[in-house]
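For reference, the structure discussed in these notes is given below.
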Amino acid sequence: MKLFGVDVGGTFTDVIFNDTETRFTAIHKVPTTSEDPSTGVVQGILELCERANIEKSQIDHVFHGTTIATNAILEYDGANTGMITTEGYRDIIHIGRHQRPQNYSIMQEIPWQDRPLVERRNRLAVAERMGPAKDQVITPLNEYQVRAAVADLKEKGVDSIIVNFLFSYINPAHEQRVKEIIEEEYPEAFITISSDVSPQFREFERFTTSSINGFVGPKVKNYIQNLEQRLKETGIPAELHIMCSNGGVATPKTVSEKPVSTLLSGPAAGILGGVWAGELTNRQKLITFDVGGTSADIGIITDSSYSESSARDTWIAGYPVMVPMIDIHTIGAGGGSIAHIDEGGAFKVGPRSAGSRPGPACYGHGGLKPTVSDANVVLGRIDEHNFLGGEMKIYTNAAYKVIDELSEKIGLSRERTAEGVLQIMNNNMANAIREKTIQKGEDPREFSLVAFGGAGPLHAVDVAQILNIPEVIVPLYPGINCATGLLTTDLKYDVIKTEFMLSTNIDFNILNEDITVLESQLLQQLKEDGVAEQDIEIHRSADCRYAGQGYELRIDLPNGLLDHETIILALNSFHESHKAEYGHNFLESPIELVNIRVTGLGYMPKIEKKAVHHEFTLEDALLKTGETIFNINGSLEKVETKFYQREKLPVGQEFYGPCIVLQKDTTTVIPPNCSAYVEKYGNIIIKVGV
């Protein structure tokens, strides 16, 4: 199988090729074409085919991580949307809940009010009401009002229509009928019904999730169709699969119908790339550290598996989202993060970024503001002659100029200012890791830090020293780790149903029937996608809580017919999970089974392990020596530093900092008091000194 993985970032589009038979791998990076990312995707594939002598007509699969949905919601640049909802519930997506983003601020921004996904004039209510009991209809659907609402929204020129009805997660009949009417009256509209996107209780979160789907839907659908067309026109017959937030890929058809599932497409692939690096080095407890041009994404992996976000802490751009997502913490910290003095006179770095254009001043594209990359250039950590494999020039004098302008404002030397930029950046990222480890009861000293992204290996050891993390792992292709992660995944679909059963009164007939229905849906979906039955795996889980609690924890459910004995064993694991999460449990309290979930996996071809074989020595790898500035015991010192070529580092031979490892897709900094070696699959293992 010939596989391509393509991940679109804010600055670069990363491309990786792998032939699963010969295990040949090649990588490439091209600037992201923000006006139409599909241009950069196809350009990157074609250029790599030409460079590596790959026949484009023989490509079997293209796996793609996209930021279209993410950027649409972050930049508030989506479709003109309309909504049809139950009478009396028009303002649910405006009111929200009693929790405020900042409990004690009277000057705060509330995203769903300041940036409404559906303007109030486009939110129309119709007579209908399902009851909380199965098949209970309190008020029949008024189809005349529905047709009038559709006509009104069509006249207003909305591109997307969302249908949010009360209790549709129990009985979706009314929503399904409205969808049929919209298809009759306004077939051009992008249609979203909440019972398809997120069939769960909690009206505000469900309504908002479906609204996000409708808001980003037309843009994502158009992008996917455009990309498919471009691939065909350029003679690439490969099957296209899109990375989703749950850690799996889906077909273009599925993603076009449910684009909300791609909100964390790229970062999710990065987590998978981190898991792959851990497998190669036989490490199971990992902190993934993905630093790009605009943001840093933090993930936690234990026992070689990642966790999913819970309903209480899944947010995108300030909006709650109820779709399966890998638990990822993102902050505005990257190579393009701008250093500035805020209105109160404080020295800060980020979250604003210079992006890809104009980018950092050192890129020479007209950037006039000091960034983290400029600070790294000033300190000698980025080699002006070997950036992006020598394909991109670094303008050192431009970096000096913007850092000098900042140093004048704060009254420090050029070098101290640059070092201050890195200190602030590194501590911001260390604090983000603390939130996901120490504040969750995990000790970061028991983990390895997997550093990737264009800027991750530049900062990883400094961050590890702050947190006393003993080891940093730098993958073979750290700058395109998200693209690598795309080649390690499977087709993955999730379905969910709200149950609301107490452990003291479970109706096993209903429970087993509902699980069977969900499993049948997934099997049908995967077979339609061309997955053979022997390549399908089904996993069950449930969201549970103690009776009276507000939020749930997820537990696994066994396969086969559920009965009193098997459910008790499963619920016992809930007691353990509750104690691990909160430090206590209530063994005598009844447990409420809130939602059942079924996940279907369809096997896809994957990248294979390949050991590194060459006869290079450290002397062969040495490119040059030069002065680099490090903070040693609080004092800035110019230190003679070795610069190595990554591809020529010998396997198994230890080498010592200070040194800098150069490769096309990133730069790895190994400070004084640290040592490193290359393990047999090419990962660099850095032993962190203190």
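Numbers here are sequence positions counted from 1.
Phe500 and Phe201 have their aromatic ring centers within a separation under 6.0 angstrom. Taking the six-membered ring for Trp and the full ring otherwise, His575 and Tyr546 have centroids separated by under 6.0 Å.
Looking at Gln663, its side chain does come within 3.5 Å of a backbone N or O of Leu476 through a donor-acceptor pair. Distance alone, capped at 3.5 Å, places no donor-acceptor pair between the Ser194 side chain and the Asn164 backbone. Between the side chain of Asn585 and the backbone N or O of Lys579 there is no donor-acceptor pair closer than 3.5 Å.
With respect to Asp36 and Arg230, a salt bridge is recorded, a charged nitrogen being found less than 4.0 Å from a carboxylate O. Under 4.0 Å is where a charged nitrogen must lie from a carboxylate oxygen, and between Glu552 and Arg202 at least one such pair does. Using a cutoff of 4.0 Å between basic side-chain nitrogens and carboxylate oxygens, Asp543 and Arg597 are scored as salt-bridged. Contact check on Glu21 versus Lys2 returns no salt bridge, with no Lys/Arg side-chain nitrogen under 4.0 Å from an Asp/Glu carboxylate oxygen.
Taking each heavy atom of Tyr603 and Val531 in turn, the nearest pair found is N-CG1, 4.2 Å. Closest approach of Gly78 to Phe215, counting heavy atoms only: N-CZ, 3.1 Å. Taking every heavy atom of both residues into account, Pro558 and Thr566 meet most closely at CG-CB, 4.1 Å. Residues Ile16 and Ala483 come closest through the heavy atom pair CG2-O, 3.5 Å. Contact record, Leu286 with Val275: CD1-CA, 4.4 Å, taken as the closest heavy-atom pair. Between Ala451 and Pro475, the shortest heavy-atom distance links the atoms O-CD, 3.1 Å.
Ring planes of Phe165 and His174: perpendicular class, angle over 60° (limits at 30 and 60°).
In this model, no donor atom of one side chain and acceptor atom of the other lie less than 3.5 Å apart for Thr67 and Thr70. Side-chain polar atoms of Asp60 and Gln58 form no donor-acceptor pair below 3.5 angstrom. Side chain to side chain, Thr13 and Thr32 meet the donor-acceptor criterion of an N or O pair below 3.5 Å. Between the side chains of Gln229 and Glu233, at least one donor-acceptor pair of N or O atoms lies under 3.5 Å. Judged by distance alone, the side chains of Ser195 and Glu175 do bring a donor and an acceptor atom under 3.5 Å apart. For the residue pair Gln525 and Gln521, no side-chain donor N or O sits within less than 3.5 Å of a side-chain acceptor on the partner. Looking at Ser38 and Asn226, their side chains do bring a donor and an acceptor atom within 3.5 Å of each other. Residues Thr498 and Asn595 have side chains that bring a donor and an acceptor to within less than 3.5 angstrom of each other. Counting only N and O atoms by type, the side chains of Gln176 and Glu180 include no donor and acceptor under 3.5 Å apart. A donor atom on one side chain and an acceptor atom on the other are not found under 3.5 Å apart for Glu50 and His28. There is a side-chain donor-acceptor pair under 3.5 Å between Ser168 and Arg206.
The side-chain heavy atoms of Asp297 and Thr288, taken from C-beta on, include no pair separated by under 4.5 Å.
Within a 6.0 Å radius of NE2 in His564, other residues, nucleotides and ligands contribute 12 heavy atoms or fewer.
Partners of His61 under the ring-ring contact (aromatic ring centres under 6.0 Å, His included) rule, at least two apart in sequence or in another chain, are Phe63, His241.
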Could you pull out every donor-acceptor pair under 3.5 Å between side chains of residues 320-328 and any protein atom, sequence neighbours left out?
unit_1	atom_1	unit_2	atom_2	d
Asp327	OD1	Lys436	NZ	3.0
Asp327	OD2	Lys436	NZ	3.2

For this session: Output, in order, the C-alpha distance, side-chain angles, deciding distance and verdict of salt bridge (charged side-chain N to carboxylate O under 4.0 Å, His left out) for Asp303 and Lys285.
Result: CA-CA 6 Å; Asp303 299 323; Lys285 298 190 72 172; over 6 Å; no
For this session: Evaluate the salt bridge (charged side-chain N to carboxylate O under 4.0 Å, His left out) criterion for residues Glu471 and Arg283: first the C-alpha distance (whole Å), next the side-chain angles of each, then the deciding distance (0.1 Å), finally the verdict.
Result: CA-CA 11 Å; Glu471 180 181 81; Arg283 268 73 167 179; 2.8 Å; yes
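Screening residues 253-266 for salt bridge (Lys or Arg N to Asp or Glu O under 4.0 Å) gives Lys253-Glu257 as the qualifying pairs, with residues at least two apart or on separate chains.
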